[in-house]
Amino acid sequence: MIPLNLYIHIPFCFAKCPYCAFFSCTNCEDTYEEYFKTLNKEILTKSKIYKDREIQTIYIGGGTPNLVPYKYIIECIENIKKSFQLSKSIEITIEQYPQYIRKESLEAYKAVGINRISIGLQATDDNQLQQLSRRYTYEEFLEKYNLVKKIGIKDIGIDLIFGYPNHTLNQWEKSLELVTVLDINHISCYSLEVEEETPYGKLNEKGKLNLPTEIVDREMYHYACDYLNKKGFKQYEISNFAKEGYECMHNLNFWHYQDYVGLGAGAYSRVENTKSHNPEDIQKYINGEWDIEKEDIKKEDERIERIMLGLRLNEGIKYDGKLFQKKYMIKVGENMILNINGKDMYNQVVEKII
Ligand SMILES: C[S@@+](CC[C@H](N)C(=O)[O-])C[C@H]1O[C@@H](n2cnc3c(N)ncnc32)[C@H](O)[C@@H]1O
Ligand code: SF4
């Protein structure tokens, strides 16, 4: 059976973080009922289209999936189980905002088959958490993390951001030291992207965002690559590190150019070499506007996309003398992979070779 992966977007947040450009709505409790009714309708509709596919992974992301009452998430997963064919070794991930992690929700997630938790920690110092407008302390995060452990969901990942305003290399080193003593098996380290339309973007335009220099940002990145590797977290993608066998399958399948279907407002799909997305507008989504801007992917665009995705991975892509850049890549067996310079300059390298 041909594999397929599902992404479910939960576009609700308590408040917008000043750096975040992900599509989500605040104070939208009134729309939960209609939103999830529509989501379940979309699940049923899409399951008829992809009835001969085998679902490898489900990723419930956001927004803040654990802000909404857990019954909505459980109902979606149950509907997926009823209407799609699932792989026996399916990976089902849910993103969790520390403050809203609750015992009852975790128990319900586990019972329905969710087997991977991705916690958005972002920083470990309370002042820095506050500066990022995160609504918890590190101590509170630890309590929630212990709850996840106690419930028995073993596959736990955390997200960290580095290079945000006033962030120093020493603070970053301390954060990595703290998180690597936890019993987790996946760490994502994202260099802060300053997105134009966010409060950080606007402050940056006025020159009021005290960001570390590019040199410090790269020092932080190199430090993370070395340190996490020493601590048994193998880098498998530019921003992702995992203990052996605990790579996030959902993301790996995406980078390997497997098909995925996005469900929910703002979700993107790429399936059978066609791409489309749902509108970033909850009302339009509820009104049944799905799969807009649908278009076939041209052969040349597919080639470029495969190179771009493959080069993000530590396994790289098949060696091609025409694309090989000695300064940025190394040859390993049949493959070429980005060296640390190449990882630093990913965008520029891709631009140069495609
Ligand atoms: C949808 S969010 C995570 C889930 C949850 N809403 C939360 O904030 O904890 C996915 C991840 O993207 C990363 N992220 C979001 N905005 C970013 C930015 N501007 N630059 C770098 N990383 C970012 C964060 O690490 C975040 O955990
Ligand atoms: S970072 Fe997470 S919680 Fe903050 S606005 Fe973005 S999706 Fe919502």
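First listed ligand is number 1; within each ligand, the first listed atom is number 1. Everything quoted here is computed from the prediction, not taken from an experiment. Every heavy atom of this structure was used, including side-chain atoms; hydrogens, water molecules and symmetry mates were not. Residue numbers count from 1 along this sequence.
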If you scan protein heavy atoms around atom 12 (O) of ligand 1, the nearest is Phe22 CE1, 3.7 Å
Please determine whether a side-chain nitrogen of the Lys or Arg among Lys243 and Asp183 lies less than 4.0 Å from a carboxylate oxygen of the Asp or Glu. no
Would you please determine whether Pro65 falls within less than 4.0 Å of ligand 1 on a heavy-atom basis? no
Ligand 1 to Gly63, heavy atom cutoff 4.0 Å, flagged ligand atoms 4 (C), 5 (C), 6 (N)
May I ask you to check if ligand 1 and Tyr190 share an N or O to N or O distance below 3.5 Å? no
Ring centroids only, cut at 6.0 angstrom: are Tyr136 and Tyr97 within range, meaning strictly under it? yes
Where does Tyr19 meet ligand 1, judged by heavy-atom distances below 4.0 Å: at the side chain, the backbone, both, or neither? both
Tell me: protein heavy atom nearest atom 23 (C) of ligand 1, and distance? Ile161 CD1, 3.9 Å
Classify the ring geometry between Phe36 and Tyr32 as parallel (under 30°), tilted (30 to 60°) or perpendicular (over 60°). perpendicular
Short N-O contact, Glu107 and Lys103, less than 4.0 angstrom: yes
Any salt bridge linking Arg53 with Glu272? Criterion: basic side-chain nitrogen under 4.0 Å from a carboxylate oxygen. yes
In plain terms, say whether Glu78 and Lys81 are close enough for a salt bridge, that is, a side-chain N and a carboxylate O under 4.0 Å apart. no
Can you check whether Phe84 and Tyr50 have ring centres sitting under 6.0 Å from each other? no
Taking atom types as modelled and ignoring hydrogens, do the side chains of Tyr19 and Glu193 form a donor-acceptor contact shorter than 3.5 angstrom? no
Tell me which pairs pass side-chain hydrogen bond (donor to acceptor under 3.5 Å, both in side chains) where either residue lies in residues 3-12, with sequence neighbours left out. Asn5-Thr57, Asn5-Asn253, Asn5-Gln258, Tyr7-His9
Those atoms of ligand 1 less than 4.0 Å from some heavy atom in Thr64: 6 (N)
heavy-atom search around atom 11 (C) of ligand 1 in the protein gives Asp159 OD2, 3.4 Å
Under 3.5 Å donor-acceptor, Asn204 side chain and Tyr200 backbone: no
Would you mind checking which non-hydrogen protein atom is closest to atom 20 (N) of ligand 1, with the distance to 0.1 Å? Glu193 N, 2.9 Å
Here the side-chain hydrogen bond (donor to acceptor under 3.5 Å, both in side chains) pairs for residues 318-328, sequence neighbours left out, are none
Where ligand 2 meets Gly63 - atom numbers and elements under 4.0 angstrom, heavy-atom basis: 7 (S)
So is Tyr19 in contact with ligand 2, going by heavy-atom distances below 4.0 Å? yes
Considering only heavy atoms, does Ser191 approach ligand 1 within less than 4.0 Å through its side chain, its backbone, both, or neither? backbone
A student checking ligand 1 against Gly62 at a 4.0 Å heavy-atom cut-off should list atoms 1 (C)
Residue and atom, protein N/O/S, under 2.8 Å of atom 4 (Fe) of ligand 2: Cys17 SG
Answer yes or no: is there a donor N or O on one side and an acceptor on the other, between the side chain of Ser118 and the main chain of Ile94, under 3.5 Å? no
Which of these, Glu95, Glu195, His9, Gln96, has its nearest heavy atom closest to atom 3 (C) of ligand 1? Glu95
Listing request: all disulfide bond (SG atoms under 2.5 Å apart) pairs with a residue in residues 28-73, at least two apart in sequence or in separate chains. Cys25-Cys28
Residue-level breakdown please: for Arg134 versus ligand 1, do any non-hydrogen atoms fall below 4.0 Å on the side chain, on the backbone, on both, or on neither? side chain
Return the residue, atom name and 0.1 Å-rounded distance of the protein heavy atom closest to atom 26 (C) of ligand 1. Gln122 NE2, 3.3 Å
Of all the atoms in ligand 1, which lie at a distance below 4.0 Å from a heavy atom belonging to Leu192? 20 (N), 21 (C)
Check the side chains of Glu244 and Asn185 for a donor-acceptor pair under 3.5 angstrom, ignoring hydrogens and angles. no
